[in-house]
Amino acid sequence: MDGKLSINTENCIKCGKCARVCPSQIITQETKGSAVKVQNVENCIVCGHCVAVCPTNSVLHSEFPPEKVHAFKYSDYPTPEQMMLMCKARRSNRAFSTRPVPREMLEQIIEAAHRAPTASNMQQVYFTLVTDPKQLDAISRFTLDVFNSAAKKRIMPDAYRYLPVFDRLKREYANGHDMILRGATAALFIHTPKNSRFGSADANLAYQNGSLMAECLGVNQFYMGFVCTAIHQENKGTLANMLGINGTIHAAMALGMPEFRFSNYIDKKDTIETDL
């Protein structure tokens, strides 16, 4: 970090919380109640834990001025029961209406995805939103072309088993029924730089945040598994180049307003737990 980090000793109550949460051990406290000190600031990963945990705003971090620090109450969180209900009721609803997703909702979904944690707080996860119908169609055609080529050459693992699926995808598309995007009016691609060591994990953590926000907003979404499989299978970056993405696509979300919503949730298989 090139910025500055210090402790306002006049306000500091020496609780030591900042030292306890600092992942880089830049903030230290030798004994309980002793002075809080700062060392090796250049190793700071700018996570903001120290600023967020300080009860007296005594941690002065140049990357987190007062306008970037916001107080909140845990009592404003959803209850565990509300959170569990959403987890149980959340489904990949592919029954889209023709209404576009309002821009403000798309922005909220992206903001939620952007808020997800990243390895070493690198924050190198980026988002490309596609809403143009021609580009959406091009995404489906790219996917079908890759599957068709892989099936013919038998280069995809278990390709023979999936030949009937590929044939149906092509047949339905030719008849005007896109089974890749299912009529989604938006597609969100989540990508990282090509040299990102933890890009896949970071992108899929972001996906989960965005997915949950979509559920809260009443926006249909599903994981674009066919598209991601085609991207991985082709491995030439064709779709990324087509969309102007300079990096590696790790996750993709199809979005649209619901034609209808579900009335019930159903139980999954029993949880298998292992105690070590």
Side-chain angles (χ1 to χ4, degrees), residues 86-87 89-119 122-144 146-147 169 173 178-194 196 198-235 237-259 261:
M86 185 169 68
C87 290
R90 172 176 171 267
R91 305 195 71 80
S92 297
N93 187 351
R94 293 170 173 81
F96 296 112
S97 73
T98 57
R99 293 178 294 125
V101 181
R103 186 72 194 188
E104 59 270 21
M105 288 188 176
L106 292 172
E107 290 175 353
Q108 283 181 282
I109 292 168
I110 294 173
E111 171 66 14
H114 173 65
R115 292 279 181 170
T118 57
M122 292 295 290
Q123 298 185 46
Q124 291 182 328
V125 179
Y126 303 97
F127 307 91
T128 295
L129 180 67
V130 180
T131 57
D132 178 68
K134 291 183 178 179
Q135 284 191 311
L136 291 171
D137 182 61
I139 293 166
S140 294
R141 285 189 284 107
F142 160 81
T143 304
L144 291 170
V146 171
F147 284 171
L169 292 174
Y173 181 82
D178 180 6
M179 294 185 66
I180 303 298
L181 295 189
R182 304 290 186 125
T185 58
L188 180 63
F189 289 88
I190 307 175
H191 47 95
T192 67
K194 293 179 180 179
S196 177
F198 301 103
S200 179
D202 288 347
N204 281 285
L205 284 171
Y207 180 95
Q208 288 301 323
N209 265 27
S211 168
L212 292 173
M213 177 55 76
E215 187 72 17
C216 288
L217 291 168
V219 176
N220 281 12
Q221 65 80 30
F222 68 84
Y223 192 92
M224 291 161 56
F226 278 141
V227 179
C228 290
T229 298
I231 291 170
H232 178 74
Q233 176 63 38
E234 193 240 13
N235 197 31
T238 298
L239 185 60
N241 292 333
M242 187 175 73
L243 298 176
I245 294 173
N246 182 21
T248 301
I249 298 171
H250 296 286
M253 182 187 306
L255 296 155
M257 297 307 293
E259 186 175 354
R261 304 191 74 181

Taken in chain and number order and not counting sequence neighbours, the residues that satisfy side-chain hydrogen bond (donor to acceptor under 3.5 Å, both in side chains) with Arg90 are Ser211

Quick note, side chain to side chain donor-acceptor pair (under 3.5 Å) partners involving residues 132-142, not counting sequence neighbours, are Asp137-Arg141, Asp137-Tyr173, Ser140-Asp178

Residues at least two apart in sequence or cross-chain that pass ring pair (Phe, Tyr, Trp, His ring centres under 6.0 Å) with Tyr126, listed by chain then number, are none

So salt bridge (charged side-chain N to carboxylate O under 4.0 Å, His left out) across residues 106-119, not counting sequence neighbours, yields Arg103-Glu107, Glu111-Arg115

Taken in chain and number order and not counting sequence neighbours, the residues that satisfy side chain to side chain contact (heavy atoms under 4.5 Å, CB included) with Arg182 are Arg94, Phe96, Met179, Phe222

With a 4.5 Å cut-off on side-chain heavy atoms, are Leu169 and Thr143 touching?
no

In short, side chain to side chain donor-acceptor pair (under 3.5 Å) pairs touching residues 243-258 with sequence neighbours left out are Thr192-His250

Residues at least two apart in sequence or cross-chain that pass ring pair (Phe, Tyr, Trp, His ring centres under 6.0 Å) with Tyr223, listed by chain then number, are Tyr207

So CG of Leu205 and OG of Ser200: to nearest 0.5 Å the spacing works out to 9.5 Å

By side-chain hydrogen bond (donor to acceptor under 3.5 Å, both in side chains), Glu234 pairs with (sequence neighbours left out) Thr238

Exercise for the section: Evaluate side chain to side chain contact (heavy atoms under 4.5 Å, CB included) for Ile139 paired with Met224, printing each intermediate quantity in order. Expected result: CA-CA 11 Å; Ile139 293 166; Met224 291 161 56; 4.3 Å; yes

Taking every heavy atom of Ala186 against every heavy atom of Thr131, the minimum-distance pair comes out as CB-CG2, 4.0 Å

In this structure, CG of Leu106 is separated from CE of Met213 (nearest 0.5 Å) by 12.5 Å

Across all chains, not counting sequence neighbours, the side-chain hydrogen bond (donor to acceptor under 3.5 Å, both in side chains) partners of Thr185 are none

Just by distance, do the side chain of Asn93 and the backbone of Asn220 share a donor-acceptor pair under 3.5 Å?
no

The reported gap from CG in Leu144 to CZ in Phe226 (rounded to nearest 0.5 angstrom) is 9.5 Å

Applying ring pair (Phe, Tyr, Trp, His ring centres under 6.0 Å) to Phe142 and not counting sequence neighbours gives none

Residues passing the side-chain hydrogen bond (donor to acceptor under 3.5 Å, both in side chains) test with Asp202, sequence neighbours excluded, are none

For Ala206, the side chain to side chain contact (heavy atoms under 4.5 Å, CB included) test, sequence neighbours excluded, returns Ala113, Ala116, Val125, Phe127, Ile190

